[in-house]
Amino acid sequence: MALPPTTAWSALHNSQLTVDDVQQVLSKVHDDLWVVSACVDRILDDTATQHALLTLGVSRTDGAVMRCKDIIALAFPSQDSLHALISHFQNAPTDALLCYSRSVLLRRLDRLNTYIEIEGNFPGRNAIEMDDVIEEWEDDPWADGEATSSSKPAPQVNSAEPPPISLSEFLQNDLLWSACELASLEALEAVRILLLKHSMELWPRRFKVQECIPEHIHPSLCRGLFPAFDLSSNREAIPSMEPCRSEPDFSELANTQEAIKSSLSQCPTITDSDKRIDCTCFADRLTAEAVSSWYKNRVNLVVSSTGMIDLALALVQDGASQGIPSLDELGEELSLLSRLVYDAAQGKDIEDDWTLARWYSMDPIAVVRAYVAHSSSQSIAHDISHLVMPYLFVLEARAERAGTPDPSLPTRILYEYILASSLESAAVIFDASKPTLPSSQRIIRNDEDMVRVALACLYGSDSLTDWPTMSSIFECLPVWDVPKDEDGDEEAADTTITSLGAFVTPSTNQPQCTAQDLLLFFQALPLASLSRALDILDVHLESGEILSRWSVPAPLRWFLQSSGEPKEQRAWANRMARRAGGQDDKLNGIEDWEWLLEDMRKLTGNGDPAARGAFCLLSREEIDGIFLTGLLSTGNFAVAKSMVYGPRPKLDLSPDIVESVCLACSREFYDNASSGNYKFGDMKLAYDCLDVPPSSNKIIMEKEFIEATSRICSFNVPSKPGFTLSPIEIRLTKDRLSLVSRVISSNNDTYKHTQVILDLSDKLGYRNDAVAEVKILAMIADTALQAEDFTRAYENSERMVQTVTAIRKAGINEERIREASEVCWIACFQLGRQQEFADLPKKMTLLGHALEFCPADKIHDVLTAWRKLESEDINSRQQKLQQRLHGETTNTVPRQLGTMPSNVASSLRARLQDFHMPSPPLLSTPDAAALASRTFKSVTANFPFAVGHRGRSQHSDVDEVASLRSESSRRTDGEDVSSQASRVLSKGIGWLIGADGEL
């Protein structure tokens, strides 16, 4: 049993519906309102079925429309159509519902037709042409303003893939949302169709749709979508519109819609999608400035989001082609930027995309550097000609358009770049600017400017290695044949170069000048000065290559700075002579050294300061001496001797200069020596260096000093805790006798080798110096005394006495005699009063020597010590005499001890008168031992050696002398000096003068 049509229709799912179901099931329902409601309720994704459903629903509303039109036609003249419709709808609400549903169905039918057109033009579609589709729909209900029925099915449209938006979504969603969605999906033709068919609804919201078009879309694909410009009105152009219907349907009229709302208490709810977009509407056309701003904003958005400068440029070009104002300058900027992005060489890793903000933030020189930042040496000249120069000409044109013409702007910026670029890049630029090239092909076209820039570039460089590159730059420069009558004053040109040397020399007030500063200096030079500067540059480049060859390179500006400084040239010559022999690949033979000498002489310019060579202020003799110093500093003494004294000598130096150079080099080796042994190391070099010149007194003395140094270091003389005396400390010791003292005190047995110590002093420079010998013998005697080696102490004291006696007989300088005598008597006095020294005759002899050499004011001190010894000697003799008397049988009484022959006493008195003994009483003076000790200390305070005292014997002497002094005080108080001296001498002076044989 067949189901009723309404039941059968309701049982069908949307996905099951076909065109046949619409025609065979729904069309059989006789209730127009039910059929129309069913058509409104169903929204399908199949275009043909949806079209059949919509056309059926519209056709079922035709009767209601006809009735409404009849009511309006039959209305009284006084009653308007609105009131007639309201009255009719109130009486026939079904017609109101049918008219409302008709408006919904017609709107959907319009979108369906648009969707079918979009689907046919969608990329990749295999669709039937829309014109053919429309022609086949002969029953189009609004083609002539009246809806007609048709049973002919809609044509089928086959597509390879579904559209980005389904039909059901397109029918329900807000039209602006669909347009924005299609725009974001790059379905630009679909957007264009939407704007064309539904312009009334989308035109006020066009900017929202334009915002959704991706920035990477080429502007040529967006024609009709972006704002157009109308030159006649100077405002935004209104795009062409092709609405779906030429006029609205009766159900869509305002009166009809108002009547429906007024008559129906509640309109039926038709559920649509909630996909809507809110935006601001702009129904009015934009002004020219607003259109220009839109294009500029779009350009900034394209550049910042994609970095695709070509698209931004195409967009500006599209707008400019329409006559939109204020886009020319932006297009110019984008054109220059596009050259940087697409034509200029790029690095392997591009860190940041180029943006207009970054472009506008760069100054012209930064832009120039960016153009050629990754250019190779082969392409930089081409890049400057095709990228940099057009940019600079644009800047010049802009300045002229701005009313501030600056013809020098391109060259000024170009020169600034060249001066700041590397020498390799500059060389390529100068090579592309040769005067031999056609002017149109040259980068720098002015010859004088080319020379000025080259001079500033070369003298402003700090490079020490790019001499071939600098020479290649020089070879590109023009050569001028300046006539003599135009040469002017050559001295003025040289003065200019001299002032340039002062200009490039840094000072506290002026830091080191840059290449840009030098260009300003050269800018004022005339042609003659520039020509002279080129000649000097040629000399400086050759000099620079020579210095670099010998590992002492100097920046080119140094040749200007040192042109008037002989001290600076001398220092560099020393560096050259020394470093050439000290480099890793040392000079191997005499040929290499001859080559070095030839180059050093060449740098002098053959003695012509005007030649401006590196050593032009130094004479040939001075250069030869410096060369010899460098040669000797390498230790090649055989080569040096050959070059000075060989069969074909290369160095023509006087013997005095050779000797002074050798001595200086030897002392340098000496000062650098870490060991004093002259058999190896630097000390050996110092010694062997003295074999180069002929022997002389100076050479012999220096050799002996080296030998002495070696001997001193062999004793390991301490310098400070943990360190021994170094050669440099020996050299810097002013009083070299102190070195002898340190040697003697460094070893317990050193004092035993008197001759060795004296030989050491001779080598230290004290040969034939009797006073120094006396001091050294005093040191040895004192050291022996401390070691209680009284025999050697006595021997050295005797030798010292002999030396002093010889000095006194020779009659040398009185001051020297007094100095030697004082050392001698103090040393004799010290040894003579030592209790541990048991040999009384020798002690008496020593005190006699002390009495002989001491000053007059010290005689009484010596006599006090001598008296003590005399007392000991008397007691000893008395004991011997008594022992002898006990053995005799005679009664002869011996002669009284202490007496002496009258002639001896008178002789001694005369001698004492010669000494001019002081008037104060002898026993009123301080203790003799203490006085002697203080005297010895005061004298030896000036000695370069330490004289020690034995505490035990000194204490003993003090006690004994104090006892004697106490005894003498009781016996001699109040007596005069003469009687006092007579009594002392009568008791024992005979032992001092040899009266011992009389006993």
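Only a predicted model underlies this, so the values are computations on that prediction, with no experimental measurement involved.
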* To do: Run the numbers on I165 and L182 for side-chain contact (heavy atoms from CB on, under 4.5 Å), then give the verdict.
  => CA-CA 8 Å; I165 301 177; L182 290 171; 3.7 Å; yes

* Determine which pairs satisfy side-chain hydrogen bond (donor to acceptor under 3.5 Å, both in side chains) with at least one residue from residues 309-320, sequence neighbours left out, and list them in order. => D310-Y342, D318-Q322

* Structure fact -> Separation between CG (D95) and CD1 (I260), nearest 0.5 Å, reads 10.0 Å

* Do the non-hydrogen side-chain atoms of Q210 and P227 ever get within less than 4.5 Å of each other? -> yes

* With sequence neighbours excluded, what pairs up with E396 under the salt bridge (Lys or Arg N to Asp or Glu O under 4.0 Å) test? -> none

* Asked: Between atom CZ of F226 and atom CG of L315, what is the distance when rounded to the nearest 0.5 Å?
  -> 6.0 Å

* To do: Identify, with sequence neighbours excluded, every residue that meets ring pair (Phe, Tyr, Trp, His ring centres under 6.0 Å) alongside H386.
  => H382

* Rounded distance [0.5 Å steps], CG in L53 versus CG in L105 -> 8.0 Å

* For side-chain contact (heavy atoms from CB on, under 4.5 Å), just list the numbers for L387 and L340, CA-CA rounded to whole Å, side-chain angles, deciding distance to a tenth of an Å, and then say yes or no. => CA-CA 8 Å; L387 299 177; L340 173 59; over 6 Å; no

* To do: Only counting residues at least two apart or in another chain, list the ones meeting salt bridge (Lys or Arg N to Asp or Glu O under 4.0 Å) with E236.
  => R206

* To do: Decide side-chain contact (heavy atoms from CB on, under 4.5 Å) for D230 and R285; before the verdict, give the C-alpha distance in whole Å, the side-chain angles of both, and the deciding distance to 0.1 Å.
  => CA-CA 10 Å; D230 183 10; R285 294 189 295 167; 4.0 Å; yes

* With S168, the side chain to side chain donor-acceptor pair (under 3.5 Å) member among D45, N173, D46 -> D45

* To do: Take W359 and V367, measure what side-chain contact (heavy atoms from CB on, under 4.5 Å) needs, and give me the verdict at the end.
  => CA-CA 8 Å; W359 171 264; V367 173; 3.7 Å; yes

* Asked: Has the side chain of E242 got a donor or acceptor atom that lies under 3.5 Å from a matching backbone atom of L196?
  -> no

* For P214 and S184, work out which heavy atoms get closest and say how close. => CG-O, 3.8 Å

* Quick one: does N300's side chain have a donor or acceptor within less than 3.5 Å of a partner on N297's backbone? -> no

* So, S292 side chain and A288 main chain: donor-acceptor pair closer than 3.5 Å or not? -> no

* For F170, ring pair (Phe, Tyr, Trp, His ring centres under 6.0 Å) partners two or more places apart -> Y115

* **Straight-line distance of K208 NZ to L202 CG, nearest 0.5 Å** => 13.5 Å

* Sub-3.5 Å donor-acceptor pair from the side chain of D41 to the main-chain atoms of S37, do we have one? -> no

* **Test item: side-chain donor near acceptor, S59 and D62, under 3.5 Å** => no

Just distance, no hydrogens or angles: give the donor-acceptor pairs under 3.5 Å from side chains in residues 405-413, sequence neighbours left out.
from, atom 1, to, atom 2, distance (Å)
D406, OD1, S408, N, 3.4
D406, OD1, S408, OG, 3.0
D406, OD2, R412, NH1, 3.3
D406, OD2, R412, NH2, 2.9
S408, OG, R412, NH1, 3.0
T411, OG1, S408, O, 3.0

* To do: List the atom of T256, the atom of F89, and the distance in Å for their closest heavy-atom pair.
  => O-CE1, 4.3 Å

* Do R223 and S220 come close enough that some side-chain heavy atom pair is under 4.5 Å? -> yes

* **Atom NZ of K197 with >12 non-hydrogen neighbours under 6.0 angstrom** => yes

* Asked: Does D32 have any salt bridge (Lys or Arg N to Asp or Glu O under 4.0 Å) partners at least two apart in sequence or in another chain, and if so, which?
  -> R60

* To do: Specify the closest pair of heavy atoms between S263 and I86, including all atoms of both residues, with the distance to one decimal.
  => CB-O, 4.2 Å

* Asked: Does I118 offer a backbone N or O that forms a donor-acceptor pair with the side chain of E189 under 3.5 Å?
  -> no

* Provide the full list of salt bridge (charged side-chain N to carboxylate O under 4.0 Å, His left out) pairs with a residue in residues 286-308, sequence neighbours left out, each pair given once. => none

* Asked: Can you tell me how far the CD1 atom of I309 sits from the CG atom of L313, to the nearest 0.5 Å?
  -> 9.0 Å

* Where the side chain of S101 meets the backbone of L98, is there a donor-acceptor pair that is under 3.5 Å apart? -> no

* Is V22 close to W9 at the side-chain level, that is, under 4.5 Å between some pair of heavy atoms? -> yes

* ring pair (Phe, Tyr, Trp, His ring centres under 6.0 Å) partners for H218, two or more places apart -> none

* When you measure from the side chain of R205 to the backbone N and O of C281, does any donor-acceptor pair fall under 3.5 Å? -> no

* Looking at Q90 and P93, what are the two nearest heavy atoms and their distance? -> O-CD, 4.0 Å

* Asked: Taking side chain as C-beta onward, heavy atoms only, is L176 less than 4.5 Å from E201?
  -> no

* To do: Might you point out which heavy atoms bring V36 and G57 nearest each other, and give the distance in Å?
  => CG2-O, 3.5 Å

* To do: Indicate yes or no for a side-chain donor-acceptor contact from S338 to the backbone of S335 under 3.5 Å, with no hydrogens or angles considered.
  => yes

* With the side chain counted from C-beta on, respond yes when V368 and L392 share a heavy-atom pair under 4.5 Å apart, and no when they do not. => yes

* Heavy-atom side-chain proximity of F250 to R102 below 4.5 angstrom -> no

* **Straight-line distance of I193 CD1 to N113 CG, nearest 0.5 Å** => 12.0 Å

* Asked: Tell me, do I213 and C222 make a side-chain contact under 4.5 Å, heavy atoms counted?
  -> yes

* Asked: Taking the side chain from W354 and the backbone from G307, do they hold a donor-acceptor pair closer than 3.5 Å?
  -> no

* Keeping the roles fixed (side chain from T306, backbone from H216), state whether a donor-acceptor pair exists under 3.5 Å. => no

* Asked: What residues form a side chain to side chain contact (heavy atoms under 4.5 Å, CB included) with E252, not counting sequence neighbours?
  -> S103, L106, R245, P248, D249

* Can you see which heavy atom on L221 is nearest to which on R192, and at what distance? => O-NH2, 3.0 Å

* Pairwise side-chain contact, Q50 with L17, heavy-atom cut-off 4.5 Å (strictly under) -> no

* With sequence neighbours left out, write down each residue that passes salt bridge (Lys or Arg N to Asp or Glu O under 4.0 Å) with R235, or none if nothing qualifies. => none

* Check whether more than 12 heavy atoms from other residues, nucleotides or ligands sit under 6.0 Å from atom CD of Q257, and answer yes or no. => yes

* Could I get the full list of ring pair (Phe, Tyr, Trp, His ring centres under 6.0 Å) partners for F282, not counting sequence neighbours? => F207

